[in-house]
Amino acid sequence: MSIDNITLARLLDETASLLEIDAADPFRIRSYRRAAEAVEQQTTPLATLATPEADPKALLAIPGIGKGMAANIRDLVTTGTMPLREELLQKYRPTMLELLRLPGMGPKTVAMLYSALEIADIDALEAAARRGDLLSLPRMGQKFTDKLLKGIEDHRRNASRFRIDIARGHAERVSELIRQFPGIDTITPAGSLRRGRESCGDLDLLVTGPACESDVVAAAVEHVATLPLIDKLLARGQNKVSFNLRKGLQVDVRLLPRASYGAALQYFTGSKHHNVALRQRAIKRGLTLNEYALLRLEDNQIIAAASEEEIYNALDLDYIPPELRENCGEIEAAEKHILPRLITRADIRGDVHMHTHESDGVNSIREMAEAAIARGLEYIAITDHSKNLAMTNGMDDKRTLAHAQRIRQVSDELAAEFAAKKGPQWARYQQRLNDGEPESVEPSVPFRLLAGIEVDILADGALDLEDDTLAQLDIVVASVHSGFNQTEEEMTARVLRAAENPYVQILGHPTGRKVLKREPYRINLEQLLPAAARLGIAVEHNAAPARADLSDINLRKAKEFGCKIICNTDAHSTEELDQIDDGIVQLRRAWLTPADLINTQPLEAFLASLRPRQ
DNA sequence: GCCGTTTTCGGCCCGACTGTTTTCAGTCG
């Protein structure tokens with residue numbers, strides 16, 4: 001069993017932490033961290049590049065991987081460990097890495113606790129803190145001990161991160177309360193939420209407006225520090241407030257004058273590595289970048305500060321969208337003016353995976369269609385569950401065909417209304433005109449509903465409906481919903497067999513991956529994606545964070561293998577159609593353009609790009 | 001340990017906050 005990139009990255013990152021505890025050269029530590037990040041971002045499994053037969057230059061081609069790190073990676077791949085790591089683990093204990101996750105605990109403190117009291121894990125630390133043993137150590141008073149005990153408690157209760165849509169919900173609730181203070185104009189979530197990471201460790205909210213100017217900001221800080229939803233106030237400075245929400249999520253609020261808002265937004269959006277690279281670039285130009293401004297070094301003259309665009313432009317770069325700021329080539333692309341035109345919501349024309357109350361959805365066919373029209377879509381497919389999913393009231397062959405007939409009937413009704421210049425499409429157009437939307441154009445084609453199915457892939461790879469039934473539908477999405485206890489090989493073979501069925505056009509949520517939850521099943525994408533590309537079958541990027549999706553890395557893989565990629569919501573209600581935004585963020589992080597997705601095409605072209613029907 | 005438009009050595013990003021301090025080290029983002 002070969003080691004995967006995520007594990008490889010984790011081992012390198014742990015080595016960096018051990019080096020920190022060992023008080024090693026900070027630049028050496030940084031290079032281990034950078035290597036870990038680089039490894040995590042790779043789309044090809046490094047285990048295949050680290051074999052004796054592989055081209056030795058392949059690893060060196062990755063930025064941040066030099067001769068030494070390549071040797072480390074080869075050791076990790078062949079032996080599962082590496083000399084430096086083993087040496088450090090002789091000296092320290094692996095449980096010390098967990099101590100570093102406690103708030104206020106850094107490498108120096110961990111090292112000191114180990115040498116003074118031989119404390120190497122959380123239990124021992126807690127016991128020592130309760131006995132008052134820590135008070136005898138330098139720079140450790142009662143206040144530190146109390147904070148540490150609370151930190152241990154929080155850590156035990158909730159050591160996990162928050163899924164992006166949950167975090168965004170919290171951000172909106174907090175923002176609403178902050179906005180009640182007079183003189184607050186803008187509140188922007190920064191950090192990993194703005195970059196569209198799938199999960200957030202904490203929330204960064206940047207606030208600006210007249211009330212944030214430095215001479216009056218104290219009152220606004222007071223307002224934020226006393227918000228009713230604060231569980232525990234963590235820190236409070238001149239223009240910064242940190243607190244925990246009851247769910248355990250940490251929120252950092254910064255109140256900033258308008259003049260430096262762009263610099264702050266840039267700074268706190270990150271990522272850390274992107275910012276480091278940007279500041280290095282600034283220095284080479286005789287400038288320095290901090291959270292207040294881009295300054296000229298010689299006379300501290302402000303070059304740019306109010307907007308991110310100004311800052312990037314002053315560094316001779318095109319504006320870089322937050323989703324790309326991971327120091328993975330975006331700076332070079334911005335310099336050469338070759339950043340991709342990333343997908344936006346307006347590019348998505350169709351959504352061909354959703355459910356109604358015929359199976360486990362909550363809305364009717366017509367309601368889903370009207371909601372899709374209201375969101376500017378041109379076509380959708382209704383794909384309710386098939387019979388194997390009894391608990392969702394899945395449909396047998398007969399019900400499937402009857403349902404298809406009703407879907408086409410609604411489509412015809414809407415088309416008739418459209419022809420008569422009535423109905424939801426014209427209503428939306430009229431609404432947009434009234435709202436004064438300049439780009440609003442008269443709708444020219446009627447909205448279309450496609451009759452589809454989300455057919456179940458059984459344990460042996462067969463489908464649970466007859467081919468004759470599938471042949472009479474417009475869209476067939478096939479997905480796995482049961483039998484997750486199979487091995488990776490079995491699961492891959494199962495889905496591949498289903499993909500051989502000529503009526504299957506789309507593989508629904510192919511990885512079945514659930515963010516921040518245990519994976520329901522493992523599948524070998526290195527086999528599945530090329531096969532899908534060869535068969536002309538589309539792979540779905542499921543937009544819903546709550547269910548399953550292709551992460552940005554898997555999306556890049558799918559593109560590299562030449563797959564047709566489609567982004568669907570798998571909505572079970574009209575509101576869930578908005579989850580397309582969560583899917584788009586991942587597409588953007590993967591550097592995908594509208595041309596990389598097939599449901600950015602008008603209906604006829606979209607249908608033509610699907611696998612041809614028999 | 002990495003890297004190169006100050007290149008094979010000598011650099012490598014920046015500031016705020018906290019707790020325990022009388023000037024700062026450590027942590028954090």
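Each chain gets a letter, A, B and so on, in the order the sequences are listed, and its residues count up from 1. Side-chain atoms are counted along with the backbone in the values below, which use heavy atoms only and exclude waters and symmetry mates.
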(Q) For A/Glu126, give me all partners under side-chain hydrogen bond (donor to acceptor under 3.5 Å, both in side chains), at least two apart in sequence or on another chain. (A)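 Partners of A/Glu126 under the side-chain hydrogen bond (donor to acceptor under 3.5 Å, both in side chains) test: A/Arg130, A/Arg156.
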Q.
Can you list everything that forms a side-chain hydrogen bond (donor to acceptor under 3.5 Å, both in side chains) with A/Glu309? Sequence neighbours excluded, please.
A.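 Per chain and number, A/Glu309 pairs via side-chain hydrogen bond (donor to acceptor under 3.5 Å, both in side chains) with no residue.
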Expressed in angstrom and rounded to an integer, what is the separation of [X] atom [atom1] from [N] atom [atom2]?
X	N	atom1	atom2	value
A/Tyr267	B/dG29	OH	C1'	6 Å
A/Gln266	B/dG15	CD	P	14 Å
A/Phe243	B/dG29	CZ	C1'	16 Å
A/Gln238	B/dC17	CD	P	6 Å
A/Leu203	B/dC28	CG	P	19 Å
A/Leu234	B/dC28	CG	P	12 Å
A/Leu102	B/dT27	CG	P	12 Å
A/Arg281	B/dT5	CZ	P	12 Å

**Q.** Test item: side-chain donor near acceptor, A/Tyr267 and A/Asn275, under 3.5 Å
**A.**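 No donor-acceptor contact under 3.5 Å links the two side chains.
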So that I can tick it off, tell me whether [Y] and [X] are bridged by a salt bridge, with the cut-off set at under 4.0 angstrom between side-chain N and carboxylate O.
X	Y	answer
A/Arg195	A/Glu330	no
A/Arg341	A/Asp347	yes
A/Asp578	A/Arg345	yes
A/Lys57	A/Asp55	no
A/Arg168	A/Asp165	no
A/Arg197	A/Glu323	no
A/Arg10	A/Glu14	yes

Distances under 3.5 Å between nitrogen or oxygen atoms of protein and nucleotides 24-26 of chain B:
unit_1 : atom_1 : unit_2   : atom_2 : d
B/dG26 : O3'    : A/Thr109 : OG1    : 3.3

Spacing of the [atom1] atoms in [M] and [N] (rounded, Å):
N	M	atom1	value
B/dC2	B/dT7	C1'	13 Å
B/dT23	B/dG29	C1'	24 Å
B/dT20	B/dC14	C1'	24 Å
B/dG11	B/dT6	C1'	10 Å
B/dG15	B/dT21	P	28 Å
B/dT22	B/dC28	C1'	24 Å
B/dT5	B/dG1	P	23 Å

Quick one: label [X] by what it contacts on the DNA or RNA (base, sugar-phosphate, nothing), any heavy atom closer than 4.0 Å.
X	value
A/Ile29	nothing
A/Gln142	sugar-phosphate
A/Leu278	nothing

Q: Compute both the distance and the angle, then confirm whether A/Arg93 meets the cation-pi test with A/Tyr114: under 6.0 Å from the six-membered ring centre, within 45 degrees of the axis.
A: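 No; the conditions do not both hold, so A/Arg93 does not lie above the ring face of A/Tyr114.
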What N/O pairs connect the protein and nucleotides 1-4 of chain B at under 3.5 Å? Give each pair on its own line.
unit_1 : atom_1 : unit_2  : atom_2 : d
B/dG1  : OP1    : A/Arg28 : NH2    : 2.9
B/dG1  : OP1    : A/Tyr32 : OH     : 3.3
B/dG1  : OP2    : A/Arg28 : NE     : 3.1
B/dG1  : OP2    : A/Arg28 : NH2    : 3.3
B/dG1  : O4'    : A/Ser31 : OG     : 2.8
B/dG1  : O6     : A/Asp25 : OD2    : 3.0
B/dC2  : OP1    : A/Gly66 : N      : 2.7
B/dC2  : OP1    : A/Gly66 : O      : 3.3
B/dC2  : OP1    : A/Met69 : N      : 2.8
B/dC2  : OP2    : A/Gly68 : N      : 3.4
B/dC3  : OP1    : A/Gly64 : N      : 2.6

Q: Answer yes or no: does a side-chain N or O of A/Lys272 lie under 4.0 Å from OP1 or OP2 of B/dG29?
A: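 Looking at the OP1 and OP2 atoms of B/dG29, neither is under 4.0 Å from any side-chain N or O of A/Lys272.
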(Q) Can you pull out every ring-ring contact (aromatic ring centres under 6.0 Å, His included) where at least one residue sits in residues 185-212 of chain A? Sequence neighbours excluded, please. (A)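 Residue pairs with at least one partner in residues 185-212 of chain A: there are none.
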Proximity to DNA chain B (any heavy atom under 4.0 Å), residues of [range] only:
range	result
residues 112-138 of chain A	none
residues 290-298 of chain A	A/Asn290, A/Glu291, A/Tyr292
residues 254-263 of chain A	none

Q | Anti or syn - B/dT7, cut at 90° from 0 | A |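 That one's syn.
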Taking distance alone, no hydrogens or angles, what donor-acceptor pairs closer than 3.5 Å link side-chain atoms of residues 23-31 of chain A to residues at least two apart or in another chain?
unit_1  : atom_1 : unit_2  : atom_2 : d
A/Asp25 : OD1    : A/Phe27 : N      : 3.1
A/Ser31 : OG     : A/Arg28 : O      : 2.7

**Q.** Ring geometry between A/His274 and A/Tyr312 (parallel below 30°, tilted from 30 to 60°, perpendicular above 60°)
**A.**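 Tilted: the ring planes of A/Tyr312 and A/His274 meet at 30° to 60°.
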Q) Quick one: on DNA chain B, does A/Gly237 or A/Leu287 contact a more 5' nucleotide (nearest heavy atom)? A)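 Here A/Leu287 is the residue nearer the 5' end.
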Listing, residues 205-217 of chain A side-chain donor-acceptor contacts under 3.5 Å, not counting sequence neighbours, or none:
unit_1   : atom_1 : unit_2   : atom_2 : d
A/Thr208 : OG1    : A/Leu256 : O      : 2.6
A/Thr208 : OG1    : A/Arg258 : N      : 3.3
A/Glu213 : OE2    : A/Arg258 : N      : 3.3

Q. Hey, is the main chain of A/Asp133 close enough, under 3.5 Å, to the side chain of A/Ser136 for a donor-acceptor pair?
A.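 Such a contact is found between A/Ser136 side chain and A/Asp133 backbone.
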**Q.** Pairwise salt bridge (Lys or Arg N to Asp or Glu O under 4.0 Å) hits with a residue in residues 228-238 of chain A, at least two apart
**A.**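 Sorted pair list: A/Glu222-A/Arg236.
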Q: Can you tell me which residue pairs pass the salt bridge (Lys or Arg N to Asp or Glu O under 4.0 Å) test with a partner in residues 97-109 of chain A, sequence neighbours excluded?
A: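 Checked against salt bridge (Lys or Arg N to Asp or Glu O under 4.0 Å) - neighbours excluded - no pair reaches residues 97-109 of chain A.
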Q: Find the partner of B/dT8: check Watson-Crick (N1-N3 plus N6-O4 or O6-N4) and G-U wobble (N1-O2, O6-N3) distances, both under 3.5 Å, and reply none if neither fits.
A: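 No nucleotide pairs with B/dT8.
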